[in-house]
Participant: 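Structure in structure tokens, see below.
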Amino acid sequence: MKSPLLSLPGAVPAEGVDEGVAAHYGELFREQRVLADGTGFVDLSHRGVVTVTGKDRLSWLHLLLTQHVSDLPTGQATEALILSAHGHIEHALYLVDDGETVWAHVEPGTQEALLAYLESMKFFYQVEVADRTAEFAIVHLPAGSIAEVPEGVVVRETPYGRDLFLPRADLESYAEKAGPPAGILAYEALRVENHRPRLGFETDHRTIPHELGWIGTAVHLQKGCYRGQETVARVQNLGKPPRRLVFLHLDGSEVHLPTPGTEIRLADEDPDGRKIGFITTSVRHHELGPVALALVKRNVPVDARLVAGDTAAAQETVVEP
């Protein structure tokens, strides 16, 4: 779904998963600084929007999600995952309940598969699920923003800012009042700085929550059964995940960033040495320079010097080995 805000001055369209919104508006680092200062907004209108209504909505979702939501207070934001039977991450939902409806935004293009799964699990519960992507657009206001929120708009407030479920028809008029726009690349740079994983970027077909540090924020360890719980409990109580998320400071003298999927190896080994991980997201940060998130094998020493492709990298621990 192509955003009307691509008509704003300087807008350069994003590619890949984020196609449909602006990658940037001509000044990448300025846009990052604007967000870091708590001003401006990000057009995330390409993300999917799903709602769940009905009196059983919270108790029903509690049975399906990794998060404890049966008593979710009105207006309190949370995030949750849906796992496969083997505990691999299939969906990531960013939720808030307004007292009558649970609102969730999800990765672009994943809402259809998510709805199909939810519909298959309704059984006798009094719930209705709906794809509201065509009606509502996600707009992100950074932490510290004092931008006004239109009356009646559902807001999901987190330490990183506010996500607005804005009527899509109001997107252009709201953008005129919300301050300078920032593209998805600026938003991604701050996400990487904060070590926040993203479905489809930090995940592959075999990723489990422990590898990305999603335990606690998206996975509640004290709740009852849900699909994939056995894997979560077994890793938590008896073992360690096979991989772990790390934050990398990349050699700033390189012209090109290592792309997602770039192999990582130990710097002290032969250039054709064994692969010990791969880049998941790489960005240019307005203060930190070139940085990245990556998945590496759990037993890689936390002080080991790494190389991503041909680029030297120093690691910071995100998930403990």
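Quantities reported herein were computed from a predicted structural model and do not represent experimental measurements.
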Participant: Can a salt bridge be assigned to the pair E128 and R57 using a cut-off of 4.0 Å between side-chain N and carboxylate O?
Facilitator: no
Participant: When you measure from the centre of the six-membered ring of Y94, is the NZ or CZ of R156 under 6.0 Å away and within 45° of the axis?
Facilitator: no
Participant: Indicate yes or no: does E148 engage K177 in a salt bridge with an N to O separation below 4.0 Å.
Facilitator: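 Looking at E148 and K177, the cut-off is not met.
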Participant: Which is it for H105 and D163 under the side chain to side chain contact (heavy atoms under 4.5 Å, CB included) test, yes or no, and what are the steps along the way?
Facilitator: CA-CA 9 Å; H105 65 81; D163 298 333; 2.9 Å; yes
Participant: In Å, rounded to the nearest 0.5 Å, how long is the span from CG of L245 to CD of Q315?
Facilitator: 11.0 Å
Participant: Closest heavy-atom contact between L166 and L171?
Facilitator: CD2-CA, 3.8 Å
Participant: When rounded to the nearest 0.5 angstrom, what is the spacing between CG in L212 and CG in L293?
Facilitator: 9.5 Å
Participant: Check this for me, if you would: do R198 and D18 make a salt bridge, where the nitrogen-to-carboxylate-oxygen distance has to be below 4.0 angstrom?
Facilitator: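 Judged by the 4.0 Å cut-off on N to carboxylate O distance, R198 and D18 do form a salt bridge.
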Participant: Under 3.5 Å, is there a donor-acceptor pair between the side chain of Q67 and the main chain of E79?
Facilitator: yes
Participant: Please determine which of E107, E90, E119, H91 meets the side chain to side chain contact (heavy atoms under 4.5 Å, CB included) test together with L114.
Facilitator: H91
Participant: State the CG-CG distance between L250 and L288, to the nearest 0.5 angstrom.
Facilitator: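 Here the rounded value is 11.0 Å.
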Participant: Specify whether H62 and H68 have parallel, tilted or perpendicular ring planes, treating 30° as the upper limit for parallel and 60° as the lower limit for perpendicular.
Facilitator: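 H62 vs H68 ring planes: perpendicular.
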Participant: Just say parallel, tilted or perpendicular for the rings of H195 and F247, cut-offs at 30° and 60°.
Facilitator: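 Correct class here is tilted.
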Participant: With rounding to the nearest 0.5 Å, note down the distance linking CG in D56 to NZ in K122.
Facilitator: 11.5 Å
Participant: Minimum heavy-atom separation for F165 and F136, please, with both atom names.
Facilitator: O-CD2, 3.6 Å
